[in-house]
Amino acid sequence: DGTVVWDHSANSGYANDVAGIGRDDNTALDQQKSRSINTTSAVTIDKGGAFGTDLDYIVWGHDGAAGLSANVPAGYVQRLNKIWKTDVTGTPGNVSFTIDLNSSKLPTDLATGNYALLIDTDTDFSSEATIHTTGASIVAGILSFTGVNFPDGSYFTIATNNNLIG
């Protein structure tokens with residue numbers, strides 16, 4: 001029907017490792033789990049089941065930044081400098097989120113309570129960021145969260161409350 005699910009102009013600066021999940025009944029698309037094909041890709045998002053309605057999508061890409069940042073909410077000491085942006089169409093609902101921290105500068109061997117997925121309406125994560133820790137697990141440097149809801153146009157990154165360098 002011509003629905004745009006990732007507008008390059010609207011998401012300028014976040015065109016790295018773009019991937020998405022979604023449902024389109026017209027084309028028999030039912031992509032419930034996705035990760036960019038690029039070898040530098042670190043994020044996987046999984047619906048974990050069927051989408052409720054046609055034309056539900058979550059598409060994401062990152063800004064290509066490297067290193068760490070101290071732009072974090074109280075209680076955290078550092079985050080990945082890399083920021084991802086979402087483009088959400090319809091009401092895809094909650095998803096599971098996984099990120100491979102092995103090539104990041106964050107430590108990979110901390111307890112799960114030391115990590116958080118930060119979701120914000122802007123790129124200033126120091127205030128008003130949603131701190132998501134539900135269902136956190138980490139195995140061999142692969143950090144996962146469950147029950148994640150990404151609003152349209154939101155930004156996300158990973159933070160830790162431990163300043164050990166990975």
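In this chain, residues are counted from 1 in sequence order. Predicted model only: the values in this text are computed from it and were never measured.
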Judged by modelled atom types alone, do [X] and [Y] share a side-chain donor-acceptor pair under 3.5 Å?
X: T40; Y: N38; value: no
X: S144; Y: T98; value: yes
X: N162; Y: T160; value: no

With a 4.5 Å cut-off on side-chain heavy atoms, are [Y] and [X] touching?
X: F145; Y: I99; answer: no
X: D120; Y: L118; answer: no
X: F51; Y: L29; answer: no
X: R79; Y: N71; answer: yes
X: V95; Y: D46; answer: no
X: Y57; Y: I21; answer: no
X: F125; Y: Y155; answer: yes
X: W60; Y: S34; answer: yes

Non-hydrogen atoms of [X] and [Y] that approach each other most closely:
X: P107; Y: Q78; answer: CD-NE2, 4.0 Å
X: L101; Y: T108; answer: O-CG2, 3.6 Å
X: F150; Y: L117; answer: CZ-CD2, 4.2 Å
X: A116; Y: I131; answer: CB-CG2, 3.7 Å

Is it the case that the side chain of [X] and the backbone of [Y] share a donor-acceptor pair, with hydrogens and angles ignored and the cut-off at 3.5 Å?
X: K33; Y: T44; value: no
X: T157; Y: K82; value: yes
X: T86; Y: S154; value: yes
X: N81; Y: A65; value: no
X: D56; Y: T53; value: yes
X: R35; Y: S41; value: yes
X: S69; Y: L80; value: no
X: D152; Y: V88; value: yes

Nearest 0.5 Å, please: how far is [atom2] in [Y] from [atom1] in [X]?
X: N16; Y: I83; atom1: CG; atom2: CD1; answer: 12.5 Å
X: I119; Y: F97; atom1: CD1; atom2: CZ; answer: 8.0 Å
X: Q31; Y: K47; atom1: CD; atom2: NZ; answer: 14.0 Å
X: L143; Y: S104; atom1: CG; atom2: OG; answer: 9.5 Å
X: N11; Y: D7; atom1: CG; atom2: CG; answer: 6.5 Å

Mind telling me whether W84 and F156 have parallel, tilted or perpendicular rings, with 30° and 60° as the class edges?
parallel
Pair T3, L55 - check side-chain contact (heavy atoms from CB on, under 4.5 Å), show working.
CA-CA 8 Å; T3 300; L55 301 177; 3.9 Å; yes
Are I158 and V43 in one and the same hydrophobic cluster, where Ile, Leu, Val, Met, Phe, Trp and Tyr link if side-chain heavy atoms are under 4.5 Å apart?
yes
Kindly work out whether a path of hydrophobic side-chain contacts (I/L/V/M/F/W/Y, heavy atoms less than 4.5 Å apart) joins L110 to L106.
yes
Pairing of D87 and K85 as salt bridge, 4.0 angstrom limit:
no
Under the side-chain hydrogen bond (donor to acceptor under 3.5 Å, both in side chains) criterion, do N26 and D24 qualify, and how do the steps go?
CA-CA 6 Å; N26 249 2; D24 183 344; 5.0 Å; no
